[in-house]
Amino acid sequence: MLDKIPTIPGGVLDHAAYHRDFARQIEGLTGVVWKLERSQVFRELNDPSWQAFAAGDWQRSLRLLERDRGAVRAEARRNKRQGLSVRRVRVVEYPVSPYLHWELHALRMLAEEGFELSVLRADELSSLESRGQLPEVVVIGKRVLYEVQYLPDWTPCGARSIKEPHIIRTAAAEIADLYRRGEPLLDFFEREVAPLPAPAV
């Protein structure tokens, strides 16, 4: 199902509308939000830490990430009180791209504060990618599936929303299977990322 999502009709939301709809859909939700992150590069133009990374200031980028820890911890606690789990599968290609090196530091902080993250090597997706790279997908419980959309340079620009229950259910089950097959992010980070020198951009 995941490889077919780009061919399935859905509503089109621009960047602002996607974030409004996401907030509405997640309100009061219990259960699991599934995320599949496949691309090895994104442009996070509104993130000060990403801006510092893109400018080549690695140490400042890490300091800015750490500055967000309190907000991340508060979000994790709100989710727990609400009965909501956010589980993300991060696909990794080798060699690790500079962007992904930065993002894995951000994801490590999420994992340390209670978010559930799993890392899967890209070569383990070969049976699912005969038609091309899997899309970026977010599944909000049983309510909606978003195929997150990007400009050609991987700047976020919105999402397509799909509300067919069978598609939502099947995609969630497939992401859950990838999550189980993956490695806990903190274990992966300590072995594969922590020893790396600062990325060159």
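Given the structure is predicted, the values throughout are model-derived calculations rather than measurements. Along the sequence shown, residues carry numbers from 1.
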Side chain to side chain donor-acceptor pair (under 3.5 Å) involving N79 - partner list, sequence neighbours excluded
none
Which residues pass the side chain to side chain donor-acceptor pair (under 3.5 Å) test with E192, sequence neighbours left out?
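Counting only residues at least two positions away or on another chain, E192 forms no side chain to side chain donor-acceptor pair (under 3.5 Å).
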With sequence neighbours excluded, residues passing side chain to side chain contact (heavy atoms under 4.5 Å, CB included) with [X]:
X    : answer
R69  : E66, R73, M109, E112, E113
S85  : V32, R87, E116
V119 : V92, L185, F188
A55  : none

Donor-acceptor contacts, no H, no angles, side chain residues 133-144, under 3.5 Å, sequence neighbours left out:
from: E136; atom 1: OE1; to: R38; atom 2: N; distance (Å): 2.9
from: E136; atom 1: OE2; to: R38; atom 2: N; distance (Å): 3.1
from: E136; atom 1: OE2; to: S39; atom 2: N; distance (Å): 2.8
from: R143; atom 1: NH1; to: Q25; atom 2: O; distance (Å): 2.3
from: R143; atom 1: NH1; to: E27; atom 2: O; distance (Å): 3.2

Name all residues meeting the ring pair (Phe, Tyr, Trp, His ring centres under 6.0 Å) criterion together with F22; count only those two or more places apart in sequence or in a different chain, and write none if there are none.
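Counting only residues at least two positions away or on another chain, F22 forms no ring pair (Phe, Tyr, Trp, His ring centres under 6.0 Å).
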Which is it for V193 and H101 under the side chain to side chain contact (heavy atoms under 4.5 Å, CB included) test, yes or no, and what are the steps along the way?
CA-CA 7 Å; V193 182; H101 186 171; 3.8 Å; yes
Candidate pair H105 and F189, rule ring pair (Phe, Tyr, Trp, His ring centres under 6.0 Å), full reasoning:
CA-CA 8 Å; H105 277 265; F189 185 94; 4.9 Å; yes
R191 and E183 ion-paired at < 4.0 Å
yes
Taking only Lys NZ, Arg NE, NH1 and NH2, and the carboxylate oxygens of Asp or Glu, determine whether R90 and E103 approach each other closer than 4.0 Å.
yes
To the nearest 0.5 Å, what is the distance between [atom1] ([X]) and [atom2] ([Y])?
X    : Y    : atom1 : atom2 : answer
R24  : L29  : CZ    : CG    : 12.5 Å
T155 : L45  : OG1   : CG    : 4.5 Å
L2   : L178 : CG    : CG    : 6.5 Å
L64  : W50  : CG    : CH2   : 13.5 Å
L100 : Q40  : CG    : CD    : 5.0 Å
S118 : L36  : OG    : CG    : 10.5 Å

Does one side chain, of D21 or Y146, offer a donor that lies under 3.5 Å from an acceptor on the other?
yes
Quick one: do [X] and [Y] end up in the same hydrophobic cluster if we chain Ile, Leu, Val, Met, Phe, Trp and Tyr together by side-chain heavy atoms under 4.5 Å apart?
X    : Y    : result
W154 : L104 : yes
I26  : L117 : yes
V41  : Y94  : yes
V148 : F115 : yes

Contacts satisfying salt bridge (charged side-chain N to carboxylate O under 4.0 Å, His left out) that involve residues 155-169 (not counting sequence neighbours) are E147-R160
Under 3.5 Å, side-chain donor or acceptor atoms of residues 4-20 against the rest of the protein: list the pairs with distances, not counting sequence neighbours.
from: T7; atom 1: OG1; to: K4; atom 2: O; distance (Å): 2.7
from: D14; atom 1: OD1; to: A16; atom 2: N; distance (Å): 3.3
from: D14; atom 1: OD1; to: A17; atom 2: N; distance (Å): 2.8

Minimum heavy-atom distance between A200 and P98, given as atom pair plus value:
O-CG, 3.3 Å
Mind listing the closest non-hydrogen atom pair of V91 and A122 along with its distance?
CG1-CA, 3.7 Å
Check: W34 ring centre within less than 6.0 Å of Y179 ring centre
yes
Go through the steps for E44 and F53 under the test side chain to side chain contact (heavy atoms under 4.5 Å, CB included), then give the verdict.
CA-CA 10 Å; E44 309 284 359; F53 152 73; over 6 Å; no
Which is it for E174 and T170 under the side chain to side chain contact (heavy atoms under 4.5 Å, CB included) test, yes or no, and what are the steps along the way?
CA-CA 6 Å; E174 291 184 4; T170 305; 3.8 Å; yes
Is the shortest side-chain heavy-atom distance between L84 and T30 below 4.5 Å?
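Heavy-atom side-chain distance check fails, nothing below 4.5 Å.
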Tell me, do R43 and Y99 make a side-chain contact under 4.5 Å, heavy atoms counted?
no
With sequence neighbours excluded, residues passing salt bridge (charged side-chain N to carboxylate O under 4.0 Å, His left out) with R63:
none
Test side chain to side chain contact (heavy atoms under 4.5 Å, CB included) on M1 and H166 and set out the steps.
CA-CA 10 Å; M1 176 64 71; H166 170 69; 4.2 Å; yes
Sort and list the pairs that fulfil side chain to side chain donor-acceptor pair (under 3.5 Å) and have at least one residue in residues 53-62, not counting sequence neighbours.
S49-S61, S61-W102
Exam field: side chain R180 to backbone I175, donor-acceptor pair closer than 3.5 Å:
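No.
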How about D153: does its CG atom have over 12 heavy atoms from other parts shown lying under 6.0 Å from it?
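Buried by this count: over 12 neighbours within 6.0 Å.
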